[in-house]
Trainee: 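Below you'll find the structure I mean.
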There are 4 protein chains.
Amino acid sequence: MFKNHLTFFKGAVSLPTQTFFNLPEEKKNRIIRAAIQEFAAYSFDQASIAHIIENAGIPRGSFYQYFNNLKDVYKYIINLAGEQKIKYFQETVPQFEGKGFNFFSALRDLCTAGFQFALENPELLAIGNNFIKETNKSLRDEILGEQLPKAQNFYETMLHKGIELGQIDPHIDPHIATLFIGAWSTAFTELYLAELKNLAHDNPEDVCALLTNKQFQQKIDQMIDLLVNGLANKPFSTVSE
Amino acid sequence: MFKNHLTFFKGAVSLPTQTFFNLPEEKKNRIIRAAIQEFAAYSFDQASIAHIIENAGIPRGSFYQYFNNLKDVYKYIINLAGEQKIKYFQETVPQFEGKGFNFFSALRDLCTAGFQFALENPELLAIGNNFIKETNKSLRDEILGEQLPKAQNFYETMLHKGIELGQIDPHIDPHIATLFIGAWSTAFTELYLAELKNLAHDNPEDVCALLTNKQFQQKIDQMIDLLVNGLANKPFSTVSE
Amino acid sequence: MFKNHLTFFKGAVSLPTQTFFNLPEEKKNRIIRAAIQEFAAYSFDQASIAHIIENAGIPRGSFYQYFNNLKDVYKYIINLAGEQKIKYFQETVPQFEGKGFNFFSALRDLCTAGFQFALENPELLAIGNNFIKETNKSLRDEILGEQLPKAQNFYETMLHKGIELGQIDPHIDPHIATLFIGAWSTAFTELYLAELKNLAHDNPEDVCALLTNKQFQQKIDQMIDLLVNGLANKPFSTVSE
Amino acid sequence: MFKNHLTFFKGAVSLPTQTFFNLPEEKKNRIIRAAIQEFAAYSFDQASIAHIIENAGIPRGSFYQYFNNLKDVYKYIINLAGEQKIKYFQETVPQFEGKGFNFFSALRDLCTAGFQFALENPELLAIGNNFIKETNKSLRDEILGEQLPKAQNFYETMLHKGIELGQIDPHIDPHIATLFIGAWSTAFTELYLAELKNLAHDNPEDVCALLTNKQFQQKIDQMIDLLVNGLANKPFSTVSE
DNA sequence: TATGAATGAGAATTCATTCAT
DNA sequence: TATGAATGAATTCTCATTCAT
């Protein structure tokens, strides 16, 4: 999940105890909100159970009736976030079906949706960002391992379709392209976060206007253009022949 | 330093105490090795002094005669790694001087050198990777702040030269291009690490042959091609016009 | 508090955690006793959490569930001691109200009560003594700052009343008089401690008889006489005119 | 020594090693100065060998060739300070010999000399102050025990002479009077230090004028007057009869 | 189940003193 | 003797997890 703002996995591993699920909605949500807040603010290693129970307003002992340990809450939250993201995309992005599919316009749609989601769920974006940076290898692998099977990489699906329809250079190894798009997308997220911070400084109230902001739109276009056409000044490019 | 495997800074902040520098080479190296090992395996927050002194085989108190705290060793090691990398590149990569400069072939040289360095110093690569992911903002800024002035971003230099010589599309915003190359470089590192792991599984002894390995060479070429020409199947690309 | 054995403040700053206050009386008292013992025996800087938890028979971690650090226990104990002293005096010393007030007899009452209190609470006396000697200025100021607002300096109150009623030489600067009484009081405490030690040597069991001891009573009278009439053999005193 | 700024002991216990005394004057003085500085700034418990060697500019190991431990330096310095004070007084204060002796004017002379000394040797005053506040009982006793035999309490000598010459109320127990004068003197020191601090704030350059400052002279006179004649408004004092 | 107190394993750091050269 | 590195005991503080009610 969250290799970047446009990648995600679908997962449904049930880690909290049954006791947790039996909780009244309000309390359950308080706990979830506190956990989201915690993992948005801190990496897994810096997150603490103490913070979560304090923000959720539940007793220490209760925590252990709902989860085995911090890792389990983490997995649960990562999972939840992934589900929300998938749900959002499924509702928002036109499914890449039918003949009308165009890889590059679909890409732009996906980007826009991604930024929209990030705008509406800044904490989930932060959680994703923290997860990407997670260096605890065994934790990473454990989470990815559990979720990868159900992962649904929109990019990969799109890519294959694009190749199929001849919109993408057929010489390109799809695996490498996927890797590249992933990194490209992460860089995009960084750009987005940097812009957000600037806007927040200058004009906190119209952060929401970011997406319709002309300059930012131009940057999006440039990034997409780079991905599509590369760096080369076309007449001069020679290396890759 | 280490925004990715091809970016680095030159730095010379001296943080260990004089006592440390007075130590016999052998002992000093033992400590440095232990620290490198630690920061290669763990992020700054997960690294522990206990591990370092245990691996270096020095008593608890001695550590504090050499460094003030973990942060100081970290800075020292990051610095050392940066210096080694710069030294390596200066010795290996043909300086981009004179008329003969070609952005794309220079890029390939840089990549090859980067992989070579990573192959010879896998732990330094790991340290760099961990640093990129560092989420402790104040620590990041502190280290970058101390080293940025002396930073030397090869990509940026090259990019400007490439634009100057008309080898790169002049419409591209250099800032975004830098971001783009950064993403590309990160993807490259991931690719490299994945290959390494495969090789290590299959044929641990010829890891060193990776760079001359034909398949890997093809992948490098593909990556460069992606960067240069983009994804589009040229006759069909339309979006960015 | 405790500028000397007859001065004190009233304070009610609550520093321990709620957890501490929830503890069963017996355990709470064990901890309080251990802390009192510690601060009676050692100055703040020499006191150690290790001693307290050992004497209280609680585990290391528990201490930190009750207090944030040594300073907080210290403040709490100083405060407790102050409250006990005030309570004692309020119950024992006739309030200096009404016309019948006589500075000098009130002083004697106060002294007697002070010695009585010290006798019954030798550890609190020791704590007060250690606090007076506290050289850590910021700690002093912090504690005094928190408690001064509620401070009730019996001497000063009495002094002003004595001046008002013409019982004290009107030429005397009240500030200096306060200083003077402070010194006198300190000397008194020293005298008292010395006597206590002697008695303890000779006849440990009748320490309690100290106050009714005739010789000691005479010493008290002498001290008061010194304060009231000074050293001079009256007909000969000349210096201060 | 140093029960207050007018009390002191003479002592000559030689605690440093012979090696120390063999040192060239300059180096020896550097060490002494560093130690004085340290004990003026910190109480014994807070003082550290590290500070001293740093300020003296001597290596760690050397310290232990000159002294066994911190306590020994402390004793040595306390001793040195005492000797300096005695020397100063012997040179400055008219010896209380002959018929012309008057307790009260001698007292004023002593005070003035004491303040003068304090002004010229603020660090020694600070050391004395710190020693008075020393709560480490065994250390106190050890130092006092070693030095008391040779102690020379000017007050006590004077007092006896004053009684002898009928200048002091013969009913007064000399022991109690000594105790009282001691505390009085300490209070005096506090007053002096407070004034010093005020002056330092207002007019740092004329701190030296403090002693000739009229207001301060009046305070001295009031303090002496209180000691001589007591608090009572003479016609009304009744208690002590 | 809910609660919140109990616990102890670690982590960092300090510093006096000893030791080797 | 001079030097400065070596050492480890002591101290504070944190926190996940267990336990008793």
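In what follows, every heavy atom counts, from backbone to side chain, and hydrogens, waters and symmetry copies are set aside.
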Trainee: Closest-nucleotide mapping onto DNA chain E: is P24(C) or Y64(D) further toward the 5' terminus? I mean the 5' end.
Mentor: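 That would be P24(C).
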Trainee: With a 4.0 Å cutoff (strictly under), does any side-chain N or O of Q65(D) reach OP1 or OP2 of dT1(F)?
Mentor: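 No, because none of the side-chain N or O atoms of Q65(D) sits under 4.0 Å from OP1 or OP2 of dT1(F).
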Trainee: Does dT21(F) have a Watson-Crick or wobble partner in any strand here, with both distances under 3.5 angstrom, and which is it?
Mentor: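 Check on dT21(F): paired to dA2(E), both distances under 3.5 Å.
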Trainee: Base of dA16(E), side chain of R60(D) - is there a donor-acceptor contact under 3.5 Å?
Mentor: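 For R60(D), whose side chain was compared with the base of dA16(E), there is a donor-acceptor pair (under 3.5 Å).
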Trainee: Can you figure out which of dG4(E), dG8(F), dT18(E) approaches the side chain of P59(B) most closely?
Mentor: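 It is dG8(F).
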Trainee: Closest nucleotide of DNA chain F for T19(D) versus for Q18(B): which of these residues is on the 5' side?
Mentor: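 Checking each residue's closest nucleotide, the 5'-ward one belongs to T19(D).
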Trainee: Could you check how far CD of Q46(D) sits from P of dA16(E), rounded to whole Å?
Mentor: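 In whole Å, dA16(E) P lies 13 Å from Q46(D) CD.
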Trainee: Examine F131(B) together with F39(B) and report whether their ring centres are nearer than 6.0 Å.
Mentor: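 No, the ring of F131(B) stays outside the 6.0 Å limit from the ring of F39(B), centre to centre.
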Trainee: Mind telling me whether Y76(B) and F21(B) have parallel, tilted or perpendicular rings, with 30° and 60° as the class edges?
Mentor: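 Correct class here is perpendicular.
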Trainee: Given atom CG of N68(D) and atom C1' of dT18(E), what is their separation to the nearest angstrom?
Mentor: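 Going from CG in N68(D) over to C1' in dT18(E) covers 13 Å.
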Trainee: Calculate the interatomic distance between L70(A) atom CG and dT17(F) atom C1'; express it in whole Å.
Mentor: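 Going from L70(A) (CG) to dT17(F) (C1'), I get 12 Å.
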Trainee: With nearest nucleotide decided by heavy atoms, which residue, G61(B) or L23(A), maps closer to the 5′ end of DNA chain E?
Mentor: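 So the residue in question is L23(A).
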